[in-house]
Amino acid sequence: MTLNRRAFAVLLPIVLLGHILAGGAAFLGYRTALVLLHKARVQQELFQLKTSYSDYVSLEAQLLYVIRNSSAFMSFINESDQAYRTRVLAIGIQDSLQSLVPNDGTKVSCSVFQSDGREIFYFDNGLDPFQTLGEHQAAFAHAVLTDNALSRTGLVTEKDGTTYLLDAAEVQARGNRPVSSGMLPEQSVLLQIAVKPSRFETIRHTLAVEYGAPVELSATPPVPGRGLSASVRLAPALYARVTPAGSYMRAKLTRVAMVIGMFVVVLSVMSVGVLMLLVRRYIIAPIEELDRQVTAIMEKRRIDIDVPERGEIGRLAANVRMLHGQLARALRKTRRLYETDSVTGIGNRIYFNEMLERFFLDSAETGRPLTMLFIDLDNFKQVNDEHGHRTGDALLVAVAKALVASAAETAEACNEPPGIAARLSGDEFAFLIQAEPRSAAVQMLIQSFLVKFRCGFAVESDSYPVTASVGVAAVPGDADTPTHLMSCADHAMYYAKAAGRNTFAFYSDLPPSARTPGVRVPSLRRSVREQAAPPPVPGPADPAV
């Protein structure tokens, strides 16, 4: 047996057993979760059955109460002339019943019994004029009279399979009052209301069809069942329970077991294949190479064997990893230099354009607002020319730090992302923040940044007459492309310059003529520069600076 076959014979049972155990655990977990899910569903549907039953019980109680306290019923039970009572007074009870029954097709009947069990009145709202009181309904009334129960509610099923919900109560023949425990039987009558609970029976039938088992009704609490069995209390002496048939879950679990089995087989084959590739590469291949060299020596085709030192593969991997780390660090450093402004240490225009594209796409996909601040330093060229480039560079570094610090303070105070700061060129800076342009975060950021220029910008122990003009534009609302957004913010910045400098302007507040696509930035810059000439720059010896 070759090494390949031996490795396969060792790996296959181990891998297959491990995946079978994992698949079995997954199947058991899924089965438990599925049983709990469906049990909760059965319980919820039983609660719908209980709600329907309660609605019918409430309807019966209302009908019984209203009819028992109606003048028509009082006149009926107190009338001694049986013929007059049957022909005339019964019509009042029928009209009262008809007026109280909901107009949804619910079948309701009313019957009155003497204390000796003799039926003296029956009426229902059905279409059959020859309908009579059912045998089981009459038996229910007789049971109430026999047991001397003042009232009783229950379900009965007639021989034709129709189920009725009954509510019976004994009433005094004089005064129409509920029976007290000391009343004589001949002084009372029994009023019984029957309702055909159509919705209750529909839900009950639906549950039986869905779960392949009938809804069991019992007068005693059912014994808790295993699996999906669930029960609910419909009334003080009535309980309903559903125990779905075994086939209900069997079909679902069979499909899951088949899927998991196929997954186990496929994953086992793939795992064994991958392991065989690794074993062949790192164990079998070196042994075969050594075998070839030994065979070549035996056949006198070579002189010596190239024996690799112990741990060579490990050392090679370590060297490659070290080389990769050096290359990765060099690449990160190169990228950082490529995207970082060499003077201020913050992002440059390349970095800003990349982040602007990324933020713009995110805003287009999620609808999240994006605001851009275009910042230009006023009088910077004069300070740079008068005090030298070193001072100008120090001033740019200080402005960049002030912008980053203001962004950090705003982010912490408003619980917003810190945003992206960059130096575009010369004395121009930009800032991106994912917030509404007139939100508290943007307003606080602008005010926190501009306040540092109120009395001249300080760099170490010197102060320079440099201010900042800020233009604000946002998407959606102002621009539909990243380039357009930058152009809008640039327009707003030059209007801020024209407004007196060291202030800000929103692009949405500009005059309509300045926001048209035909207005070119260079011409706008020239017009603003003509309208707002820079103030004179005081000399370094001026104590007022």
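Predicted model, so just to flag it, every value in this text is computed and none were measured.
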Worksheet item: Are any side-chain N or O atoms of S363 and backbone N or O atoms of R368, one a donor and one an acceptor, separated by less than 3.5 Å?
Response: yes
Worksheet item: Which heavy atom in S268 sits nearest to a heavy atom in L16, and how many Å separate them?
Response: OG-CD1, 3.5 Å
Practice prompt. Taking the side chain as every heavy atom from C-beta outward, state whether V242 and L49 have any atom pair closer than 4.5 Å.
Written response: no
Practice prompt. Evaluate side chain to side chain contact (heavy atoms under 4.5 Å, CB included) for L445 paired with L373, printing each intermediate quantity in order.
Written response: CA-CA 10 Å; L445 172 62; L373 277 60; 4.0 Å; yes
Discussion item. Quick one: does any side-chain atom of D478 pair with a main-chain N or O of A474 as donor and acceptor, under 3.5 Å?
Written reply: yes
Worksheet item: Is there side-chain contact between H19 and S271, with at least one heavy-atom pair below 4.5 Å?
Response: yes
Worksheet entry | Test item: T371 side-chain N/O and A435 main-chain N/O as donor-acceptor pair under 3.5 Å | yes
Practice prompt. Taking all non-hydrogen atoms of both residues into account, name the closest pair between F431 and G419 and its distance.
Written response: CZ-CA, 3.8 Å
Discussion item. Tell me whether the count of non-hydrogen atoms from other residues, nucleotides or ligands lying under 6.0 Å of NZ in K196 goes above 12.
Written reply: no
Worksheet entry | Qualifying residues under side-chain contact (heavy atoms from CB on, under 4.5 Å), relative to V404, sequence neighbours excluded | I346, A421
Discussion item. Less than 4.5 Å apart, side chain to side chain, heavy atoms only: is that true for H38 and P244?
Written reply: no
Can you give me every donor-acceptor pair (side chain of residues 253-267, partner residue at least two apart or in another chain, under 3.5 Å) with its distance?
unit_1, atom_1, unit_2, atom_2, d
T254, OG1, R250, O, 2.6

Discussion item. Between H142 and G117 (side chain of the first, backbone of the second, donor and acceptor by atom type, cut-off under 3.5 Å), is there such a pair?
Written reply: yes
Discussion item. Less than 4.5 Å apart, side chain to side chain, heavy atoms only: is that true for V144 and F140?
Written reply: yes
Discussion item. Set out, in order, the CA-CA distance, both residues' side-chain angles and the distance that settles side chain to side chain contact (heavy atoms under 4.5 Å, CB included) for M372 and F352, then state yes or no.
Written reply: CA-CA 11 Å; M372 175 179 174; F352 181 79; 3.7 Å; yes
Worksheet item: Would the number of heavy atoms belonging to other residues, nucleotides or ligands and lying under 6.0 Å from CG of D147 be above 12?
Response: yes
Discussion item. Do F360 and H484 make a side-chain contact, defined as non-hydrogen atoms from C-beta onward lying under 4.5 Å apart?
Written reply: no
Discussion item. Tell me whether Y30 at atom OH has more than 12 heavy atoms from other residues, nucleotides or ligands lying less than 6.0 Å away.
Written reply: no
Worksheet entry | Spacing of K252 atom NZ and R31 atom CZ [to the nearest 0.5 Å] | 13.5 Å
Worksheet entry | Y239, OH: over 12 other non-hydrogen atoms inside 6.0 angstrom | yes
Discussion item. When you measure from the side chain of Q43 to the backbone of S231, do you find a donor-acceptor pair of N or O atoms at a distance under 3.5 Å?
Written reply: yes
Discussion item. Show, in sequence, the C-alpha distance, side-chain angles and deciding distance for I93 and F123, and conclude whether the side chain to side chain contact (heavy atoms under 4.5 Å, CB included) test is met.
Written reply: CA-CA 9 Å; I93 300 178; F123 170 74; over 6 Å; no
Item to complete: Kindly say whether Q137 contributes a backbone atom to a donor-acceptor pair with the side chain of E158 at under 3.5 angstrom?
Response: yes
Worksheet item: Distance-only, no hydrogens or angles: does the S58 side chain make a donor-acceptor pair with backbone N or O of S54 under 3.5 Å?
Response: no
Worksheet, complete the sentence: Closest non-hydrogen contact found for I203 with S52 is CD1-CB, 4.0 Å
Worksheet item: Rounded to the nearest 0.5 Å, what separation is found between the CG atom of L166 and the CG atom of L155?
Response: 8.0 Å
Worksheet item: How long is the gap from CD on E210 to OG1 on T206, to the nearest 0.5 Å?
Response: 8.0 Å
Worksheet item: Does the side chain of C110 reach to within under 4.5 Å of the side chain of F121, using non-hydrogen atoms?
Response: yes
Practice prompt. Could you tell me whether a side-chain N or O of E436 sits under 3.5 Å from a main-chain N or O of P369, the two making a donor and an acceptor?
Written response: no
Worksheet item: With a cut-off of 6.0 Å (strictly less than), are more than 12 heavy atoms of other residues, nucleotides or ligands near CZ of R152?
Response: yes
Worksheet item: For the residue pair L133 and S111, what are the closest heavy atoms and their distance?
Response: CD1-OG, 4.2 Å
Worksheet item: Taking side chain as C-beta onward, heavy atoms only, is V272 less than 4.5 Å from M276?
Response: yes
Practice prompt. Can you see which heavy atom on A413 is nearest to which on M444, and at what distance?
Written response: CB-CE, 3.5 Å
Worksheet item: Please walk me through it: do T163 and R204 pass side-chain hydrogen bond (donor to acceptor under 3.5 Å, both in side chains)?
Response: CA-CA 11 Å; T163 300; R204 185 178 173 188; 4.5 Å; no
Item to complete: Please find out if less than 6.0 Å separates the ring center of F200 from that of Y56.
Response: no
Worksheet item: How far apart are the C-alpha atoms of V189 and F76, what are their side-chain angles, what is the distance that settles it, and do they pass the side chain to side chain contact (heavy atoms under 4.5 Å, CB included) test?
Response: CA-CA 11 Å; V189 295; F76 178 85; over 6 Å; no
Worksheet item: Would you call K107 and E201 a salt bridge, using N to O less than 4.0 angstrom?
Response: no
Item to complete: Could you pull out all residues at least two apart from L64 that satisfy side-chain contact (heavy atoms from CB on, under 4.5 Å)?
Response: D167, A169, L191, I193
Discussion item. Rounded to the nearest 0.5 Å, what separates atom OG1 in T106 from atom CG in N125?
Written reply: 8.0 Å
Discussion item. Using side-chain heavy atoms (C-beta onward) and a distance below 4.5 Å, is Q434 in contact with D362?
Written reply: yes
Worksheet entry | Pairwise distance OG1(T334) to CD(E339) - rounded to 0.5 angstrom | 11.5 Å
Worksheet, complete the sentence: Closest non-hydrogen atoms of P214 and A208, given as atom of the first, atom of the second and distance, are CA-CB, 4.0 Å
Response to the item:
In this structure, CZ of R358 is separated from CG of L432 (nearest 0.5 Å) by 11.5 Å
